[in-house]
Amino acid sequence: MSFVQNFPFFSILLSLFAGPLSSVLSGKAAKALNAAVITIAGILSAATLVFVLGTGESYVYTMGHFPAPWGNEIRVGVLEAGMAVFFCIVMLLCMMGGAAERLLEIEEGKQNLYYVMVNLLLCSLLALIYTKDLFTAYVFVEINTISACGLIMIRQTGRTIEAAVRYMIMSLLGSGLLLLGIVFLYDLTGQLLMDHIKIQVQLLSVTGEYHIPLLIAISFMAVGLAIKSALFPFHAWLPDAYGYSTLSSAAILSSLVSKGYIFLLIKIFYQVIGFDLIVRSKVINVLFVFGVAGMLFGSVSAIREKDIRRMIAFSSVAQIGYIYMGFGLGTTAGMIASIFHILSHGATKSLLFVAASGLTDVSDKRRSIRRLTGAGYRNRLAGVTFTVGALSMVGFPMFSGFISKILFAQAAMENDGKMLVTVVALAVSTILNAMYFLKTVIRIYTPLPADGGEEEAEGNTVLRMRDCPAKSLAMICFIALNLFLGLSSEPIVDLIRKGLDMFA
Amino acid sequence: MDVMNLFRNYEEAVAMILFGIGFSNLLMQKNLIKKIIGMNIMDTSVYLFLAVKGYIEGHKAPIVVDGVQSVEAYINPIPSGLVLTGIVVSVSVSALMLALTIRLYRRYHTLNLDEISTLLKKEEKS
């Protein structure tokens with residue numbers, strides 16, 4: 001066994017132990033430790049990715065060297081390692097972009113607690129990506145939920161606490177269903193490790209026994225994870241949680257936490273049940289319908305929203321809808337499109353949150369879109385960054401959003417029954433996206449009226465790049481990441497395809 | 001489909017009914033404490049289901065007392081292990097929910113989530 005194969009395990013353990021350690025450190029030390037841990041986890045994951053690409057096949061790592069039915073195992077392939085690298089990069093940038101806000105918005109003396117949460121969140125995300133055991137996955141889903149709740153409520157206002165309560169209630173409904181689904185599956189198969197369950201499930205599907213319980217178990221798990229990742233009818237908690245929490249929390253929650261659950265769902269589809277069985281079970285049709293509905297309703301709600309942070313949050317509902325619509329197509333191409341959209345949305349949504357905060361900073365911290373008139377001139381970098389994010393979301397060529405839209409459209413062509421609905425939904429949703437994003441872009445580049453604008457301009461300031469170096473650097477990195485995803489999409493799609501082949 | 005199966009497997013049926021009760025309480029109650037109670041009922045029903053499924057009629061708890069006995073003598077220990085893990089998870093989640101509830105109660109002097117939302121909106125306007 002090569003030493004590199006230990007790295008996924010190391011990265012999980014490192015972030016797990018960094019969490020409790022941060023609770024005894026000072027705020028500054030905890031911040032440095034957190035940045036170091038994310039960077040190291042990213043480097044370890046990158047090394048694993050290179051190793052897996054070199055060998056060309058996934059490997060299974062037994063924890064504590066107990067063989068399969070007794071010990072716990074993690075499984076590493078191209079897709080898992082790649083996703084871990086991406087999560088680490090985005091998390092690092094989110095933490096960098098929101099550093100100034102954290103100092104202001106988190107109480108003195110509680111700064112280090114924030115990093116406890118972030119470290120545990122990273123640990124649970126990595127564990128969700130790598131684990132091969134369903135019950136371990138459940139436990140880490142709960143750790144993820146609790147630490148995400150901490151991220152929301154660390155800024156102590158009535159709004160955030162209420163948002164945290166609503167988030168917890170929805171998440172608990174989701175994890176209850178997920179747990180019940182896992183328990184059903186355990187009863188049917190007597191196994192907890194994913195590939196062992198798959199063998200039993202395939203046998204059951206051949207004999208046709210326990211058809212209904214199996215279907216119920218699949219739908220419980222799918223619905224549970226859909227609730228947790230804020231698929232359309234279950235998104236009520238989302239705008240408050242993303243809109244009022246501190247900046248780096250909002251960025252991390254929108255671009256990483258929901259994606260962790262979606263990735264677990266992909267794992268369940270491929271490694272626990274088997275993709276052909278999922279397609280035959282028609283569960284994905286339900287996900288398809290709600291995904292399409294989410295694409296439209298999320299955008300409509302975003303158009304009506306006057307607060308820029310909440311507008312971006314509602315746009316997340318639409319983007320999660322895209323991802324579930326890709327699942328619903330039931331083809332490998334649809335899956336590749338969805339996974340690419342996970343990356344694209346992760347990179348773009350956090351960019352938008354950081355850019356929006358850059359714009360509100362120069363507008364007296366007011367977040368209504370009307371107040372942002374001319375903000376693009378007062379903070380030039382934030383203006384450019386927001387424009388990049390908006391164009392990417394709308395699907396302008398060169399940016400990542402365009403690639404994911406084109407992948408979705410191509411995937412739709414392979415599925416005769418759902419082609420029309422998908423293409424029409426994509427077109428309508430693109431127009432709706434354009435309506436609210438471009439409206440905002442035009443607003444931030446409209447100069448303030450020379451006369452009668454005193455009331456509007458009250459409290460406006462001008463920020464240059466050197467006034468907020470960390471945020472500016474984060475924004476530049478986000479733009480680079482977005483352009484990288486958009487311009488070199490070919491190798492990334494190849495990587496995803498290779499990963500999916502290894503996955504099953 | 002045999003209706004008698006429901007009575008023969010009454011433990012599982014009860015667990016599922018409890019799950020439904022807990023789930024709908026968590027979803028629909030306005031009072032935060034009642035919501036938390038609903039959540040605990042929901043989680044506990046899953047543990048009941050697991051424990052019932054792991055039990056084998058006439059077998060003993062898997063603790064070896066007088067030397068090694070055959071596998072036939074014991075019930076399945078894994079569901080019990082899962083129940084223990086699950087209990088730890090639900091304890092921590094309940095604690096977090098209760099802490100949040102206390103925070104909200106101190107601020108708004110009510111446990112009704114809808115009322116809290118209205119108060120929040122008023123707070124924002126003023």
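Residue numbers begin at 1 in each chain, while the letters A, B, ... track the order of the sequences.
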- Item | Proximity breakdown for Leu192(A) and chain B, heavy-atom pairs closer than 4.5 Å |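 The answer is the side chain of Leu192(A).
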- Item | chain A contact via Leu82(B) - side chain, backbone, both or neither, heavy atoms under 4.5 Å |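 Both the backbone and the side chain of Leu82(B) come within 4.5 Å of chain A.
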- Message: Can you tell me which portion of Leu119(B) sits under 4.5 Å from chain A's heavy atoms? Options are side chain, backbone, both or neither.
- Response: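 Neither; nothing under 4.5 Å.
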- Query: In Å and rounded to the nearest 0.5 Å, what is the CG to CD1 distance from Leu172(A) to Ile36(B)?
  - Reply: 9.5 Å
- From Leu180(A) CG over to Phe49(B) CZ, what is the distance, rounded to the nearest 0.5 angstrom?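 Interatomic distance, Leu180(A) CG to Phe49(B) CZ, rounded to 0.5 Å: 6.5 Å.
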Tell me which donor-acceptor pairs, judged by distance alone and kept under 3.5 Å, run between chain B and chain A, one pair per line.
residue	atom	partner	partner atom	Å
Asn76(B)	ND2	Tyr186(A)	OH	3.4
Arg103(B)	NH1	Gln156(A)	OE1	3.1
Arg107(B)	NH2	Gln156(A)	O	3.4
Ser117(B)	OG	Glu162(A)	OE2	2.7
Ser117(B)	OG	Arg166(A)	NH2	2.7
Glu124(B)	OE1	Arg159(A)	NE	3.2
Glu124(B)	OE2	Arg159(A)	NH2	3.1

- Message: Heavy atom to heavy atom, less than 4.5 Å: which residues from residues 14-22 of chain B reach chain A?
- Response: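 Near chain A, by residue number: Met16(B), Phe19(B).
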- Message: If you compare all heavy atoms of Cys149(A) against all heavy atoms of Leu100(B), which two are closest, and at what distance to 0.1 Å?
- Response: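 Minimum heavy-atom contact is SG-CD1, 3.8 Å.
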- Task: Measure across Leu26(B) and Ile169(A) and return the closest heavy-atom pair with its distance rounded to 0.1 Å.
- Result: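 Where Leu26(B) meets Ile169(A) most closely, the heavy atoms are O-CG2, 3.8 Å.
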- Pair count under 4.5 Å, heavy atoms only, with chain A: among Gly54(B), Gly86(B), Gly38(B), Pro79(B), highest is Pro79(B)
